[in-house]
Chemist: 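So that we are looking at the same thing, I have put the structure below in C-alpha cells.
Sequence positions, counted from 1, serve as the residue numbers for this chain. The figures here come from the full heavy-atom set of this structure, side chains too, leaving out hydrogens, waters and symmetry mates.
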Amino acid sequence: MGVMVINEHNFSGKPVRYYFDADFAQLEQIVPKEQSILLTDEHVYTLHRQRFTGWRTIVIPAGEQHKQQSTIDTIIRQLIEQEADRKSILIGIGGGVVTDMAGYAASIYMRGISFGFVPTSILAMVDAAIGGKNGVDVGVYKNLAGTIRQPDFLFYDYSFLQTLPQAEWVNGFAEVIKHACIKDRGLFELLQQHTIGTLQNNPALLHEMIERNAAIKTAVVLNDERETGERRLLNFGHTLGHAIENLYALPHGHAVSIGMAAACTISEEIAGFASAEKQAVLELLQQYGLPVSFGYDKAKAFDLLKMDKKRERDAVHYILLKQTGEAFIQPIGLTQLQDLFVQVL
Ligand SMILES: NC(=O)c1ccc[n+]([C@@H]2O[C@H](COP(=O)([O-])OP(=O)(O)OC[C@H]3O[C@@H](n4cnc5c(N)ncnc54)[C@H](O)[C@@H]3O)[C@@H](O)[C@H]2O)c1
C-alpha cells in the first residue's frame, strides 16, 4: 500500500495535504524524521509504543481536563529541551485533545512552527483535526483561548482505531450524525441502516464514511475559514453541548448529542422542523448509543451559554434545522432563549 495523497486543499492560500488510507510506517516518507517531534497522550503512547521508536516524542497526560494552558506551557518547555527550532515540525498523534494542543502549541512556539496531525479517534478524523482551529479550555470555558492556523498535512492510518475504546466510537459518531443533520441527508439515511457494530465489521464502508465526513468538514471550512457564516453550522448541538460538557464532565459526544436534541426541539418550536424528522434524529442518536436528554441545571447552563463564543451582543447564534440535511443560523435573543429553555427544553 503506497501513501495516497487523495487531496490537497488550499486554506487561505496554504495547501493542506490529506493522506488517506496511509500506514504510520510511511510517515517518515513525508516528513524529515530528524526535524520532527511527535506529540501524543499517554494512552496512545502506551498502546502504540513501538510506532514511536526512533522519533523524538513528547507525551502528555490524556483527557480533556488537561486541555489547559498549563499543559501547553509543559509542551513548550519540552520543545525547548528538545532544541526545537523554527524548522521543526510538531506532529500531533491522538484524539482531538492532542491535535488541538499540538496545533496551538506549534502556532505560538517561536511565533509559529509547522505542524501536522495523525488523528487516532473517530472524532479527530472527522472533525477536530480539520479546519485549523486549535486551542485550550480556560477553566470550564471550552476552547476559549486558541489560534486559527492550518496544519501542513493530515495523515490517516485507520489501524489506530483498533485500540479506540468503544465509548470513544460513540463520541465520534455524535459528530458524524451532526454532519449528516446539517449537510448530508444521504449520509443520514446511510447511518440509519447501520450501527457502530456493523460499521466496525465493514472497514471499507467505515473508511469511506470517515472520508465523506472529512470532506463535509473541509468544504464547510473552505467556504468560511474565519467563521463569519457557514462554518457556524458546525456548531449544531454545541451551544448547549459546550455549556453542559464541562459543567458535568460529560463526554463530548454525549454533550453534543443532548445539545442536538435540544436544537431539534427549538427547531420544531420556532423553525417549522417537522416533528417526524426530529423523532428520526432522536432515534438515530440513540441507535449510536448517544443520550438525548439529561437533567442539567438550566439556570447554570444558561449562564455558561451566555459566555459562548457564538453570542453577539444580546443574541446567541443558534444553529437550527429546516429539515434533515439543511441547517441555518438563527440569532435568538437572550430573553427568548431563556423562555425556550424554561418552556420547551
Ligand atoms: N479544533 C476543532 O475544530 C475541534 C473540533 C471538534 C472537537 N475538538 C476537540 O476535540 C476534543 C475531543 O476529541 P476526542 O474525542 O478525540 O478526545 P481525546 O483526544 O480526549 O480522545 C478521547 C480518548 O481516546 C483516547 N484515544 C484516542 N485515540 C485512541 C486510539 N487510537 N486508541 C486508544 N485510545 C485512543 C485518548 O487518549 C482519550 O482518552 C475536544 O477537546 C474538542 O473540543 C476540536
Side-chain angles (χ1 to χ4, degrees), residues 1-6 17-64 66-67 71-72 74-84 87-103 105-106 109 113-126 128-130 134 151-169 171-172 196 199-204 206-207 210-211 214:
M1 179 177 58
V3 174
M4 249 194 310
V5 179
I6 297 277
R17 283 164 289 144
Y18 290 54
Y19 299 92
F20 288 117
D21 219 356
D23 180 330
F24 191 78
Q26 296 164 315
L27 187 62
E28 58 189 289
Q29 292 169 18
I30 67 157
V31 286
K33 207 169 183 175
E34 60 292 349
Q35 278 167 235
S36 304
I37 297 176
L38 310 187
L39 175 74
T40 192
D41 74 20
E42 56 201 2
H43 293 161
V44 176
Y45 184 72
T46 308
L47 290 161
H48 299 275
R49 197 181 289 260
Q50 74 292 354
R51 294 182 159 175
F52 294 89
T53 311
W55 294 86
R56 280 188 284 171
T57 305
I58 298 173
V59 183
I60 55 175
E64 181 76 27
H66 297 290
K67 205 177 95 169
T71 311
I72 296 294
T74 311
I75 294 168
I76 287 177
R77 268 196 295 277
Q78 291 196 48
L79 285 171
I80 297 167
E81 275 167 30
Q82 307 251 11
E83 298 181 357
K87 293 257 178 283
S88 300
I89 306 164
L90 185 64
I91 303 169
I93 300 171
V97 166
V98 167
T99 58
D100 268 11
M101 287 204 286
Y109 184 69
I113 60 170
S114 293
F115 62 101
F117 294 145
V118 180
T120 64
S121 67
I122 294 282
L123 190 140
M125 289 184 184
V126 303
I130 302 163
N134 297 119
D152 286 3
F153 65 85
L154 303 175
F155 186 95
Y156 287 74
D157 176 345
Y158 301 120
S159 72
F160 277 104
L161 294 174
Q162 284 162 13
T163 58
L164 188 70
Q166 196 63 19
E168 299 305 336
W169 283 81
N171 264 326
I196 288 178
L199 288 167
Q200 285 170 332
N201 289 328
N202 188 344
L206 175 71
H207 302 167
I210 289 171
E211 289 166 31

Chemist: A side-chain contact here means heavy atoms from C-beta on lying under 4.5 Å apart; do Ile130 and Met125 qualify?
Modeler: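 Counting from C-beta outward, Ile130 and Met125 never come under 4.5 Å.
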Chemist: Would you give the length of the straight line joining atom OG1 of Thr53 to atom NE2 of His48, rounded to the nearest 0.5 angstrom?
Modeler: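 Between atom OG1 of Thr53 and atom NE2 of His48 there are 13.0 Å.
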Chemist: Would Thr71 and Met101 count as a side chain to side chain contact (heavy atoms under 4.5 Å, CB included) if you check the C-alpha gap in whole Å, the side-chain angles of each, and the deciding distance to 0.1 Å?
Modeler: CA-CA 8 Å; Thr71 311; Met101 287 204 286; 3.9 Å; yes
Chemist: Would you indicate whether Lys87, at its atom NZ, is surrounded by more than 12 heavy atoms from other residues, nucleotides or ligands within a distance under 6.0 Å?
Modeler: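 It does not: Lys87 NZ has 12 such atoms or fewer within range.
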Chemist: Above 12 or not: heavy atoms from other molecules or residues under 6.0 Å from CD of Gln50?
Modeler: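 Yes, enclosed.
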Chemist: How close do Ala106 and Ser114 get, counting heavy atoms only, and between which atoms?
Modeler: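 Minimum heavy-atom separation between Ala106 and Ser114: CB-O, 4.3 Å.
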Chemist: Nearest 0.5 Å, please: how far is NE2 in His43 from CD in Glu168?
Modeler: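 Going from CD on Glu168 over to NE2 on His43, the span is 9.5 Å.
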Chemist: Let's go through Val59 and Thr57 carefully: what are the C-alpha distance in whole Å and the side-chain angles of both, what is the deciding distance for side chain to side chain contact (heavy atoms under 4.5 Å, CB included) to 0.1 Å, and is it a yes or a no?
Modeler: CA-CA 6 Å; Val59 183; Thr57 305; 4.0 Å; yes
Chemist: When you compare the side chain of Phe115 with that of Asp152, does any pair of heavy atoms fall below 4.5 Å?
Modeler: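 A side-chain contact is absent here, since even the closest heavy-atom pair is not under 4.5 Å.
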Chemist: On a heavy-atom basis, which atom in Ile89 and which in Pro32 lie closest, and how many Å separate them?
Modeler: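 Residues Ile89 and Pro32, closest heavy atoms: CD1-CD, 3.9 Å.
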Chemist: A side-chain contact here means heavy atoms from C-beta on lying under 4.5 Å apart; do Ile113 and Leu90 qualify?
Modeler: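 When only atoms from C-beta onward are counted, Leu90 and Ile113 do touch, with a gap below 4.5 Å.
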Chemist: Quick check: does any side chain N or O of Tyr109 sit under 3.5 Å from a backbone N or O of Ala84, one acting as donor and the other as acceptor?
Modeler: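 Present.
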Chemist: Please check: side-chain N/O of Tyr156 versus main-chain N/O of Ala22, any donor-acceptor pairing under 3.5 Å?
Modeler: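 No; zero donor-acceptor contacts below 3.5 Å.
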Chemist: How long is the span from the CD1 atom in Ile60 to the CD atom in Glu42, to the nearest 0.5 Å?
Modeler: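 Those atoms lie 9.0 Å apart.
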Chemist: Whether the Gln26 and Asp23 side chains hold a donor-acceptor pair (N or O, under 3.5 Å, no angle test) is what I'd like checked.
Modeler: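 Asp23 and Gln26 do not have a side-chain donor-acceptor pair below 3.5 Å.
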Chemist: What heavy-atom pair brings Arg56 and Glu34 nearest, and what distance separates the two atoms?
Modeler: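 Scanning both residues completely, I find the closest heavy atoms to be NH2-O, 2.7 Å.
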Chemist: Has Trp169 got a side-chain atom pairing as donor or acceptor with Ile122's backbone, closer than 3.5 angstrom?
Modeler: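 No, Trp169 side chain to Ile122 backbone: no donor-acceptor pair under 3.5 Å.
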Chemist: Under a 4.5 Å cut-off applied to non-hydrogen side-chain atoms, are Leu206 and Gln200 in contact?
Modeler: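 A side-chain contact is absent here, since even the closest heavy-atom pair is not under 4.5 Å.
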Chemist: So, Tyr45 versus Phe52, ring centres under 6.0 angstrom or not?
Modeler: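 Ring-ring flag for Tyr45/Phe52: true, centres closer than 6.0 Å.
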Chemist: List the atom of Asn134, the atom of Gly103, and the distance in Å for their closest heavy-atom pair.
Modeler: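 What the structure gives for the nearest pair is OD1-CA, 3.6 Å.
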Chemist: For the residue pair Ile196 and Gln166, what are the closest heavy atoms and their distance?
Modeler: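 Of all heavy-atom pairs spanning Ile196 and Gln166, the closest is CG2-NE2, 3.6 Å.
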Chemist: Which pair of heavy atoms, one from Pro151 and one from Ala129, lies closest together, and at what distance?
Modeler: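 The pair with the smallest heavy-atom distance is CG-O, 4.4 Å.
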Chemist: Which of parallel (below 30°), tilted (30 to 60°) and perpendicular (above 60°) describes Phe155 and Phe24?
Modeler: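 The arrangement is perpendicular - the two ring planes meet at more than 60°.
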Chemist: Evaluate the side-chain proximity of Ile91 to Leu39: yes if any heavy-atom separation is below 4.5 Å, no if none is.
Modeler: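 Side chain of Leu39 against side chain of Ile91, heavy atoms only: no contact under 4.5 Å found.
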Chemist: Apply side chain to side chain contact (heavy atoms under 4.5 Å, CB included) to residues Thr120 and Asp157 and explain how you reach the verdict.
Modeler: CA-CA 8 Å; Thr120 64; Asp157 176 345; over 6 Å; no
Chemist: Given 3.5 Å as the limit, does a donor-acceptor pair link the side chain of Thr40 with the main chain of Gly94, or not?
Modeler: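 The answer is no, because no donor-acceptor pair under 3.5 Å joins these two groups.
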Chemist: Please examine the side chains of Phe20 and Leu154, heavy atoms only from C-beta on, and report whether any two atoms are closer than 4.5 Å.
Modeler: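 Side-chain contact under 4.5 Å: no.
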Chemist: Please test Val98 against Val44 for side chain to side chain contact (heavy atoms under 4.5 Å, CB included), starting from the C-alpha separation and ending with a verdict.
Modeler: CA-CA 10 Å; Val98 167; Val44 176; over 6 Å; no
Chemist: Is it the case that Arg51 places NZ or CZ above or below the six-membered ring of Phe160, under 6.0 angstrom from the centre and within 45 degrees of the axis?
Modeler: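 Verdict for Phe160: a cation-pi partner in Arg51.
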Chemist: Report the distance from atom CG of Asn171 to atom CG of Leu164, rounding to the nearest 0.5 Å.
Modeler: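 Answer for the CG-CG pair, Asn171 versus Leu164, is 9.0 Å.
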Chemist: How long is the straight-line distance from CD of Glu211 back to CG of Asp21, given to the nearest 0.5 Å?
Modeler: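 With rounding to 0.5 Å, CG (Asp21) is 6.5 Å from CD (Glu211).
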Chemist: Taking the side chain as C-beta and beyond, is there a heavy-atom pair between Val31 and Phe153 under 4.5 Å?
Modeler: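 Yes, their side chains come closer than 4.5 Å.
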